Amino acid sequence: SHVPKAKERVTAGQIVASFEAGGTKARGAIYLVNDKGKLVQLFYHEAAFGKTKYSSADEFYTHFLELLSPMTQYVTNNDLKPNAISIIWSYPGAATTTAEGNVDVTSTAKLTKEWKIPGIELEPIGQAIVNRLKQQHHWDHPLRYAVMNDTVAVQGAIVATGFNIAFPGYNTESGGF
C-alpha cells in the first residue's frame with residue numbers, strides 16, 4: 001500500500017506548530033528546530049474539550065481553535081511564523097499526500113469515542129485547520145503540514161515527514177525511514 005510522504009522536512013531554525021485533537025483534550029505546542037534537528041518546546045497548552053457532540057464541522061474547528069487560542073496568541077505576540085504544522089487527529093481516517101506535498105487525513109463520518117461531528121468527512125483535517133488559521137489568525141505565510149492519525153488504519157502515514165512531536169505522555173517520532 002502507498003504510504004503518504006511529505007515533500008520537505010523541517011530544518012534548523014524553523015518553527016513548528018503542533019495541534020492535537022485527542023479524546024478529551026485539545027493540545028497545542030510551538031517548537032523551534034535546533035541545529036541538531038531536534039525540536040525544542042517553546043510553548044505548550046492543553047484544554048479539555050468539554051463536549052463530544054457538535055452541530056457541524058465548522059462548530060468543532062471553531063471550538064478547537066478557541067481552546068488553543070493561548071498558543072495562537074503566543075505565536076502572534078512573539079511575531080513567529082511557523083514553517084510547518086503537525087496535527088494529530090485521534091479518530092479514523094484515510095491519509096493522502098496533497099498536490100502541494102503535505103500529508104493530510106480525511107476523517108470518516110463515523111467517529112470513535114462517542115464523538116459526533118456532522119460533515120467532518122467533507123474537508124481534509126489539515127486543510128480545514130490551515131484554512132482557519134489563515135482566515136482567523138492571519139497565518140497567511142506558506143504553511144507545510146502533516147496530519148497523523150493515531151488509529152491503526154493510518155499508522156505510519158507520516159513516516160519520512162521529518163516530524164518528531166512529543167506532548168506530555170504522548171510521543172511519536174517519524175523521520176526518514
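Since we're looking at a predicted model, the values are computed, not measured. Here, residue 1 is the first one in the sequence, and each next residue gets the next number.
Within the 4.5 Å cutoff, the side chain of P92 has heavy atoms near those of the T112 side chain. Two residues are said to be in side-chain contact when any heavy atoms from C-beta on lie closer than 4.5 Å; Q41 and I30 fail this criterion. Looking at heavy atoms from C-beta onward, D79 lies in side-chain contact with K81 at the 4.5 angstrom threshold. Looking at heavy atoms from C-beta onward, I15 lies in side-chain contact with L32 at the 4.5 angstrom threshold. Using a 4.5 Å heavy-atom threshold, the side chains of I129 and I85 count as separate. D104 places a side-chain heavy atom less than 4.5 Å from the side chain of Y145. In this structure the side chain of V103 never reaches within 4.5 angstrom of the side chain of V147, judged on heavy atoms. For the pair S56/P118, no side-chain contact is recorded, criterion being any heavy-atom separation below 4.5 Å from C-beta on.
The distance from the CD1 atom of I125 to the CD1 atom of I88 is 13.5 Å, given to the nearest 0.5 Å. Going from atom OG1 of T62 over to atom CD of Q136 covers 5.5 Å, rounded to the nearest 0.5 Å. Note that OH of Y44 and OG of S18 are 10.5 Å apart. Values are rounded to the nearest 0.5 Å. To the nearest 0.5 Å, the span separating OH on Y91 from CD1 on I117 amounts to 6.5 Å. N131 contributes atom CG, which lies 10.0 Å from atom CG of L143 (distance to the nearest 0.5 angstrom). The line from CG of L111 to NZ of K53 is 10.5 Å long, rounded to the nearest 0.5 Å.
Here F19 and W89 keep their ring centres 6.0 angstrom or further from each other.
Across F49 and A26, no two heavy atoms sit closer than the pair CE1-N, 3.6 Å. When all heavy atoms of G23 and K113 are compared, the pair lying nearest together is CA-CD, 3.9 Å. Closest approach of R144 to V10, counting heavy atoms only: NH2-CG1, 3.5 Å. Contact record, G22 with W115: O-CZ2, 3.9 Å, taken as the closest heavy-atom pair.
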_CA sep, side-chain torsions, deciding dist, call: V16, N83, side-chain contact (heavy atoms from CB on, under 4.5 Å)_ = CA-CA 6 Å; V16 176; N83 304 91; over 6 Å; no
*Could you walk me through whether F60 and I120 pass side-chain contact (heavy atoms from CB on, under 4.5 Å), step by step?*
CA-CA 9 Å; F60 165 76; I120 196 69; 4.2 Å; yes
*Do M148 and V105 pass the side-chain contact (heavy atoms from CB on, under 4.5 Å) test, and can you show the C-alpha distance, the side-chain angles, and the key distance before you say yes or no?*
CA-CA 7 Å; M148 282 185 286; V105 168; over 6 Å; no
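When only modelled atom types and interatomic distance are considered, R132 and Q127 share no side-chain donor-acceptor pair under 3.5 Å.
Checked by atom type and distance alone, the side chain of N34 pairs as donor or acceptor with a backbone atom of K36 at under 3.5 Å. Under the 3.5 Å distance criterion, the side-chain polar atoms of T97 are left unmatched by any main-chain donor or acceptor of G101.
Salt-bridge annotation for E59 and K51: present, with a side-chain N of the basic residue lying under 4.0 Å from a carboxylate O of the acidic one.
Judged as a salt bridge (charged side-chain N to carboxylate O under 4.0 Å, His left out), and not counting sequence neighbours, the contacts of K25 are E46.
Ring geometry for Y54 versus H63: interplanar angle of 30 to 60°, hence tilted. Using the six-membered ring where Trp is involved, W139 and H141 have ring planes that are tilted, between 30° and 60° apart.
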Could you give the side-chain donor-acceptor pairs of residues 68-75 under 3.5 Å, partners two or more places apart or in another chain?
unit_1	atom_1	unit_2	atom_2	d
S69	OG	E66	O	2.9
T72	OG1	S69	O	3.1
Q73	NE2	N77	OD1	2.9

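Around the NZ atom of K110, the shell of radius 6.0 Å holds no more than 12 heavy atoms that belong to other residues, nucleotides or ligands.
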